[in-house]
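Scope of the values below: all heavy atoms of this structure, side chains included, with no hydrogens, waters or symmetry mates. Computed from a predicted structure; not experimentally measured.
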Amino acid sequence: MGEGGRSERPQGQEAGRSERSSEGGGGRSSARGSSGEGTLDASPRFPSLRARSLGGASASRTTPPPPRASARFPDAPPAQGVGSDGAGTAVPPRPPHRPPASPRRDGAAPESASESTFRLRRLPTDRGPERDAQRDPAGPTSSASAPDTAAAPLHPDPALSWNAPGAGRPVVSFGEPEGYGEGGRPRPLGVRGGARTAAVAVCLVLGLGLIGGAVTGSWLVGDSAAAGDKDSFTAAEGLWHSVPVDQLFPPTVQGQGAGPGGADRTWTRIAVAPDSGCKDAFDPLLAKALAPVGCRRLLRATYTDATQSYVTTVGLLFTKADAAGMTALDTRFTKERLGDRADLMPRPYPAEDTAAADFGAKQRASWAVSVLTDAPVVVYAVSGWADGRTVDEPQSAAAAMQSGATTSIAQAGLGHEAQGLADRVERGLRRTVHAPATEGTGTTS
């Protein structure tokens with residue numbers, strides 16, 4: 001029994017399963033046939049799903065079906081009257097006539113036949129039934145009759161024009177000018193005009209007062225300044241006898257930067273001439289040039305440098321002229337360049353038993369002349385070598401001090417000696433004029 005019983009049992013079980021399956025299938029078939037829905041398709045609706053359920057393990061590796069295509073955006077253009085899923089779903093056909101299109105925007109591309117949807121058009125916001133009626137009295141026209149045409153330009157509303165029936169020009173009125181009545185006749189101003197006139201009068205009075213005060217002040221200041229200049233000019237006339245000699249001609253004069261190349265100089269006084277007149281004190285031509293201002297007194301002193309190589313005579317000529325006379329003399333010396341002429345060179349003062357003992361007319365090498373306008377004084381200086389050598393061609397201090405001068409006088413610095421010492425004595429004289437007379441300090445710079 002063993003193997004025969006085991007072999008028969010499975011066969012019986014298999015026969016039972018097949019009968020049950022056939023009965024179940026018959027029942028389902030009968031049920032479908034009795035539903036009365038009509039004839040069904042011979043092929044199943046989803047064959048791939050049924051094959052997967054019957055295939056067992058092999059069907060599990062089958063790729064799942066793709067999702068159903070959208071009816072609005074199909075993967076491919078659908079056929080007329082047939083759905084994309086093959087089930088006979090009807091797709092509405094394209095209408096034979098396209099709806100009327102609004103005017104195309106400038107720069108928009110034309111529509112193509114392959115597009116399945118219609119483009120959206122932006123409607124103008126300024127259009128309305130009332131404005132359309134005013135713009136086109138014949139009534140609106142169909143856009144379908146003139147497709148793809150540009151919108152008509154807007155025109156001004158005739159009803160708003162001044163020429164429209166019943167419309168009149170606006171009335172503009174101007175204010176009456178102040179001070180004039182009808183017909184342009186002048187009339188007296190009111191209180192406001194009187195107040196304005198009073199204010200103008202006050203401002204005018206104040207302005208005149210300020211101007212008058214300024215003019216008066218400047219006149220007083222000018223007079224005081226002129227009086228001060230006149231007083232100083234007058235005071236300078238008597239300096240030759242009221243100021244000590246050591247204040248006019250200090251025993252030692254420091255000349256910082258007065259030498260060639262800005263070198264310092266020191267001059268020592270070696271002789272002082274007695275005050276005297278101007279007889280035989282100048283060469284004839286120079287005496288003639290100085291004659292218009294006269295000669296009140298002449299003071300002279302002679303100095304030597306630190307090495308006693310050069311000697312220089314400084315003179316102060318106190319004149320009898322006023323300020324106008326001194327100004328005229330200064331103008332003549334400047335315009336005619338009288339100070340550069342060798343025939344108008346001042347004379348030296350030689351002193352016995354000094355380094356300037358041999359300092360005569362033929363030893364003069366360089367000179368400088370300065371005419372003051374704020375004091376009746378002419379300051380001059382003349383320099384030469386202390387060893388008594390003669391000079392054939394004297395040179396003025398201005399020419400000898402020029403850059404690049406190569407004469408022996410310029411190389412020796414005699415022009416700097418004359419100009420530097422004359423400048424220091426002139427500065428001391430100006431300080432004395434504006435300061436009370438005191439005893440000499442012994443030095444100046």
Side-chain angles (χ1 to χ4, degrees), residues 233-234 236-240 248-249 273-303 311-350 356 359-384 390-402 407 409 414-430 433:
F233 191 92
T234 304
E237 295 177 354
L239 291 179
W240 63 272
L248 296 176
F249 301 117
D275 59 282
S276 62
C278 297
K279 185 179 180 180
D280 300 331
F282 303 103
D283 290 346
L285 289 179
L286 181 57
K288 184 178 179 180
L290 297 176
V293 295
C295 177
R296 187 183 299 273
R297 209 69 180 169
L298 178 63
L299 304 180
R300 295 172 292 175
T302 302
Y303 289 81
V311 288
T312 304
T313 297
V314 183
L316 295 176
L317 170 61
F318 288 84
T319 68
K320 300 178 180 179
D322 55 4
M326 297 301 298
T327 301
L329 180 64
D330 177 63
T331 301
R332 182 186 178 191
F333 263 76
T334 302
K335 288 184 176 181
E336 299 180 12
R337 303 180 64 87
L338 300 182
D340 296 336
R341 292 175 52 176
D343 54 351
L344 298 178
M345 184 170 42
R347 288 182 179 180
Y349 171 67
F359 189 27
K362 296 182 178 181
Q363 284 75 30
R364 295 176 294 180
S366 185
W367 74 98
V369 179
S370 176
V371 180
L372 305 185
T373 57
D374 55 349
V377 179
V378 176
V379 182
Y380 69 89
V382 55
S383 62
T390 60
V391 179
D392 297 333
E393 295 182 0
Q395 191 176 18
S396 66
M401 293 174 62
Q402 290 183 356
T407 61
I409 298 174
L414 289 174
H416 292 80
E417 294 288 323
Q419 188 68 57
L421 192 56
D423 289 344
R424 270 63 183 179
V425 173
E426 179 181 339
R427 293 175 189 174
L429 178 65
R430 293 179 183 276
V433 170

Requested in this report: Output every pair passing ring pair (Phe, Tyr, Trp, His ring centres under 6.0 Å) with a member in residues 273-296, not counting sequence neighbours, ordered by first then second residue.
Outcome: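 The answer is F282-Y380.
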Nearest 0.5 Å please: distance from the [atom1] atom of [X] over to the [atom2] atom of [Y].
X: I409; Y: R364; atom1: CD1; atom2: CZ; value: 12.0 Å
X: W367; Y: L414; atom1: CH2; atom2: CG; value: 12.0 Å
X: M345; Y: S366; atom1: CE; atom2: OG; value: 9.0 Å
X: L372; Y: R430; atom1: CG; atom2: CZ; value: 5.0 Å
X: M401; Y: Q419; atom1: CE; atom2: CD; value: 5.5 Å
X: L298; Y: T319; atom1: CG; atom2: OG1; value: 12.0 Å

Is there a side-chain contact between [X] and [Y] in this structure, where contact means two heavy atoms from C-beta onward sitting under 4.5 Å apart?
X: K279; Y: C295; answer: no
X: T302; Y: T312; answer: no
X: V311; Y: S383; answer: no
X: D283; Y: L344; answer: no
X: E237; Y: P376; answer: yes

**Report entry** Side-chain (T313) to main-chain (Y349) donor-acceptor, under 3.5 angstrom
**Finding:**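 The answer is yes, because a donor-acceptor pair under 3.5 Å joins these two groups.
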**Report entry** Donor-acceptor pair, side chain of R347 and main chain of D280, under 3.5 angstrom
**Finding:**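 Yes; judged by distance alone, with no hydrogens or angles, the pair exists.
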Requested in this report: Verify the distance criterion only: is there a donor paired with an acceptor across the side chains of T407 and Q395 at less than 3.5 Å?
Outcome: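 On atom types as modelled, these side chains qualify, holding a pair under 3.5 Å.
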Determine the minimum heavy-atom distance between [X] and [Y], stating which atoms define it.
X: A398; Y: D340; result: CB-OD1, 4.3 Å
X: F249; Y: Y303; result: C-OH, 3.2 Å
X: A418; Y: A381; result: O-CB, 3.4 Å
X: A400; Y: G415; result: CB-CA, 4.0 Å
X: C278; Y: L317; result: SG-CD1, 3.2 Å
X: S370; Y: E426; result: OG-OE1, 3.3 Å

Query raised in the report: Among L248, V314, L299, which one satisfies side chain to side chain contact (heavy atoms under 4.5 Å, CB included) with V425?
Result: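 The residue from L248, V314, L299 that satisfies side chain to side chain contact (heavy atoms under 4.5 Å, CB included) with V425 turns out to be V314.
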Report task. Could you check V379, D275, V378, L239 and say which one makes a side chain to side chain contact (heavy atoms under 4.5 Å, CB included) with L316? Result ->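 Testing each of V379, D275, V378, L239 against L316, the sole residue satisfying side chain to side chain contact (heavy atoms under 4.5 Å, CB included) is V379.
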Query raised in the report: Is it true that D392 and K362 have a side-chain N and a carboxylate O under 4.0 angstrom from each other?
Result: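 No, no charged N to carboxylate O under 4.0 Å.
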List the atom pairs, with distances to 0.1 Å, where a side-chain N or O of residues 323-331 and a protein N or O form a donor-acceptor pair under 3.5 Å, not counting sequence neighbours.
from : atom 1 : to   : atom 2 : distance (Å)
T327 : OG1    : A323 : O      : 2.9
T331 : OG1    : T327 : O      : 2.9

Requested in this report: Please name all residues satisfying ring pair (Phe, Tyr, Trp, His ring centres under 6.0 Å) with F359, sequence neighbours left out, ordered by chain then number.
Outcome: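 Expected list: none.
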Report task. Applying side chain to side chain contact (heavy atoms under 4.5 Å, CB included), run through T390 and Q363 and close with a yes or a no. Result -> CA-CA 4 Å; T390 60; Q363 284 75 30; 3.5 Å; yes
